[in-house]
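Treat the numbers as computed from the prediction; the structure is a model and nothing was measured. Just so it is clear, the values below take in all heavy atoms, side chains as well, and ignore hydrogens, waters and symmetry mates.
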Amino acid sequence: MLRVSGELDLVTSPALRQSVHDVVAAGRHSIVLDLSAVVFCDSSGVGVLIAARRLMRSCQGRLRLILPAQGAADGSHVNRVLGALGVRRLFDVYPGVDAATDEESRPLSA
């Protein structure tokens with residue numbers, strides 16, 4: 001699981017991109033990104049999430065996002081941004097770690 005906190009923007013998104021690539025290069029094809037503590041996400045952050053999804057699909061892997069309804073103080077900023085851009089439906093979203101790591105658990109509806 002990769003935990004991201006603070007801002008996911010032009011400055012910080014390259015580090016997340018590299019972390020995802022490192023995990024895949026190490027042979028893991030299932031990644032859980034905990035974004036519940038992200039307070040700001042811009043277009044470069046969304047771009048990294050979409051690229052990570054594409055990478056995981058290309059290797060028959062699975063990307064799961066943790067975006068709780070009440071994350072990052074006043075509700076998940078990332079959840080709102082993905083919804084506003086119309087791309088939230090592309091992701092398997094879970095309310096917490098337990099649900100995201102339980103193979104029997106189903107993602108929240110978009």
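- For the atom pair OG of Ser43 and CG of Leu85, the computed distance is 8.5 Å after rounding to the nearest 0.5 Å.
- Applying the side-chain contact (heavy atoms from CB on, under 4.5 Å) test between Val38 and each of Leu33, Val81, Val78, Leu67 identifies Val78 as the sole match.
- Here Leu55 contributes atom CG and Leu63 contributes atom CG; the two are 9.5 Å apart, rounded to the nearest 0.5 Å.
- Heavy-atom minimum distance, Val11 versus Pro14: O-CD, 3.6 Å.
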Before giving the answer on side-chain contact (heavy atoms from CB on, under 4.5 Å), spell out for His77 and Val39 the whole-Å C-alpha distance, their side-chain angles and the decisive distance to 0.1 Å.
-> CA-CA 6 Å; His77 176 76; Val39 295; 5.8 Å; no
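- Among the candidates Val32, Leu35, Val93, Asp98, the single residue satisfying the side-chain contact (heavy atoms from CB on, under 4.5 Å) test with Ile66 is Val32.
- In the hydrophobic cluster analysis, where Ile, Leu, Val, Met, Phe, Trp and Tyr join through side-chain heavy atoms closer than 4.5 angstrom, Leu2 is grouped together with Val48.
- Nearest heavy atom pair, residue Arg17 against residue Ala51, reads NH1-CB, 3.6 Å.
- The distance from atom SG of Cys41 to atom CG of Leu49, rounded to the nearest 0.5 Å, is 6.0 Å.
- The OG atom of Ser44 sits 5.0 Å away from atom CG of Leu10, with the distance rounded to the nearest 0.5 Å.
- More than 12 heavy atoms of other residues, nucleotides or ligands sit less than 6.0 Å from atom CZ of Arg62.
- At least one side-chain heavy atom of Val46 sits under 4.5 Å from a side-chain heavy atom of Ile50.
- The shortest side-chain heavy-atom distance between Met56 and Val24 falls under the 4.5 Å cut-off.
- Residues Tyr94 and Asp102 fail the side-chain proximity criterion, which asks for heavy atoms closer than 4.5 Å.
- Of the residues Leu82, Ile31, Val4, Asn79, the one that meets the side-chain contact (heavy atoms from CB on, under 4.5 Å) test with Leu65 is Leu82.
- Put simply, CG on Leu16 and CG on Leu8 are 6.0 Å apart, with the number rounded to the nearest 0.5 Å.
- A donor atom on one side chain and an acceptor atom on the other are found under 3.5 Å apart for Thr12 and Asp9.
- To the nearest 0.5 Å, the span separating OG on Ser36 from CZ on Arg3 amounts to 7.5 Å.
- Using a 3.5 Å distance cut-off with no hydrogens or angles, the side chains of Arg64 and Thr101 do not pair a donor with an acceptor.
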